[in-house]
Amino acid sequence: VGIALWYEYKVDGKRIGGSNSFACFSPFIGELFIGKSFPVVYNYKKPESSNLLLTKRDFERFGLEYPDSLLWVEEHVRK
């Protein structure tokens with residue numbers, strides 16, 4: 001099962017939207033993400049080019065440490 005998550009973030013006061021897709025164990029997992037905040041990385045020259053950071057793999061791609069506060073996400077996504 002796969003889902004797409006739509007997200008918003010602000011850069012210099014401008015609201016920008018993006019989306020990420022990932023494989024998960026249930027189509028209902030999206031409900032767990034509603035109203036929560038997650039880290040986003042973006043290209044400072046092109047802020048609309050972004051990635052939502054949810055999984056250990058996402059953080060590793062950018063050389064960042066995975067926070068303990070997101071360990072629950074790993075229980076719901078397919079590796």
Side-chain angles (χ1 to χ4, degrees):
V1 175
I3 65 168
L5 294 178
W6 296 91
Y7 58 92
E8 290 185 342
Y9 57 102
K10 287 185 179 182
V11 176
D12 296 329
K14 180 182 176 186
R15 188 177 298 218
I16 302 171
S19 68
N20 273 56
S21 298
F22 65 96
C24 57
F25 294 112
S26 165
F28 304 107
I29 187 176
E31 296 172 8
L32 298 174
F33 294 92
I34 295 172
K36 294 194 171 48
S37 296
F38 298 95
V40 172
V41 293
Y42 63 89
N43 181 328
Y44 74 95
K45 291 183 179 181
K46 188 178 175 188
E48 56 280 350
S49 177
S50 65
N51 285 83
L52 184 65
L53 302 179
L54 292 175
T55 66
K56 287 180 183 180
R57 184 178 295 163
D58 295 336
F59 280 79
E60 288 170 358
R61 283 181 48 211
F62 295 97
L64 300 170
E65 187 174 336
Y66 191 69
D68 290 345
S69 61
L70 293 180
L71 287 172
W72 67 271
V73 173
E74 293 291 315
E75 297 174 10
H76 300 285
V77 298
R78 295 187 188 273
K79 307 222 181 342

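- The minimum heavy-atom distance linking Leu53 with Asp58 is given by the pair CD2-O, 3.8 Å.
- Linking ILVMFWY residues whenever their side-chain heavy atoms come closer than 4.5 Å, directly or via other members, leaves Leu52 and Trp6 in distinct clusters.
- Considering only residues two or more places apart in sequence or on other chains, Asp68 meets the side chain to side chain contact (heavy atoms under 4.5 Å, CB included) condition with Leu71.
- To the nearest 0.5 Å, atom CG of residue Leu5 and atom CG of residue Leu54 are 6.0 Å apart.
- The structure places OH of Tyr7 at 6.0 Å from CG of Asn51, a figure rounded to the nearest 0.5 Å.
- Of the possible donor and acceptor atoms, one in the side chain of Tyr9 sits under 3.5 Å from a partner among the backbone N and O of Pro47.
- With sequence neighbours excluded, no residue forms a side chain to side chain contact (heavy atoms under 4.5 Å, CB included) with Tyr44.
- For the atom pair Lys46 NZ and Ile16 CD1, the distance stands at 11.5 Å (nearest 0.5 Å).
- Sorted by first and then second residue, the pairs that involve residues 2-23 and meet salt bridge (Lys or Arg N to Asp or Glu O under 4.0 Å), not counting sequence neighbours, are Glu8-Arg15.
- Considering only residues two or more places apart in sequence or on other chains, Glu65 meets the salt bridge (Lys or Arg N to Asp or Glu O under 4.0 Å) condition with none of them.
- Looking at residues two or more places apart in sequence or on another chain, you find no side-chain hydrogen bond (donor to acceptor under 3.5 Å, both in side chains) involving Tyr66.
- For Lys36, the side chain to side chain contact (heavy atoms under 4.5 Å, CB included) test picks out Phe38, Trp72, with sequence neighbours left out.
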